[in-house]
Amino acid sequence: MRIFLDTANVEQIKHGVRMGVVHGVTTNPTLTAKEGNADYEAVSKDICALVPGPVSIEVLVEGVEPMIKQARLIAGWASNAVVKVPATAEGLEATSTLAREGIKVNMTLCFSLNQAVLAALAGAAYISPFVGRMDDNGSDGMRLVEDIVTVYENYGFSTEVIAASIRHPQHCVAAAMAGAHIATIPYNVLIQMTQHPMTTIGISRFLADWQRLAGK
Ligand code: G3P
């Protein structure tokens, strides 16, 4: 499983890349707005320059033609730019055209297996089931990830599954066990993944024991 950071914060992305564990990034209008820079293109290009893998950048318009038009622009911002399009009928129409042009699409806001199957048929490079938001609504978000992985394998679809709307480290464990190709995670969850109290205690003990000897 690869890890993407679900953020538009440059410092967080740089740290993740320095650790050697962050391959790509997913953004959305909410995350980008949070960073307070209204120049969508500039922020997105900066992020694309930071990571080796794909950076998902969402369209900011509705309607098939406006989405296609904006997607083409976004795809031209960087060689690793991926366009995020909602998993709707209009989104499928746009995705189908874009995929035929060789533009990679991440179909976002996926909440059902049917949406995921349609995304694969339309030629989406990625599908993003929103695990945490499903859990918020009383459904089992990770069950959807498992089902998508199973059905994609059944039919040999090449669309990759991005477990999105991840809220805590246990979601990452479950995404890996479910066979998600990618988990896109907030920075705080990445940091939580690195932490274990026994590791912290172990380091303190090792250092204290050595210092006792060194102090003799
Ligand atoms: O990757 C999707 C993500 O940005 C949505 O997360 O926490 O707002 O549901 P959240």
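Remember, it's 1-based here, ligands and their atoms both numbered in the order they're listed.
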Trainee: What residues form a ring pair (Phe, Tyr, Trp, His ring centres under 6.0 Å) with Phe157, not counting sequence neighbours?
Mentor: Tyr152
Trainee: With side-chain hydrogen bond (donor to acceptor under 3.5 Å, both in side chains) as the rule and sequence neighbours excluded, what pairs involving residues 14-30 come up?
Mentor: Asp6-Thr26, His15-Tyr187, Thr26-Thr184
Trainee: Per the salt bridge (charged side-chain N to carboxylate O under 4.0 Å, His left out) rule, what does the pair list look like for residues 154-164, sequence neighbours excluded?
Mentor: Arg2-Glu160
Trainee: Check whether any side-chain N or O of Thr199 sits under 3.5 Å from a backbone N or O of Gln195 as a donor-acceptor pair, and report yes or no.
Mentor: no
Trainee: When rounded to the nearest 0.5 angstrom, what is the spacing between CG in Leu190 and CG in Leu5?
Mentor: 5.5 Å
Trainee: Can you name the residues that come within less than 4.0 Å of ligand 1, going by heavy atoms only?
Mentor: Asp6, Asn28, Leu31, Phe130, Arg133, Ala164, Ser165, Arg167, Thr184
Trainee: Do the charged groups of Glu41 and Lys45 touch, with an N to O distance under 4.0 Å?
Mentor: yes
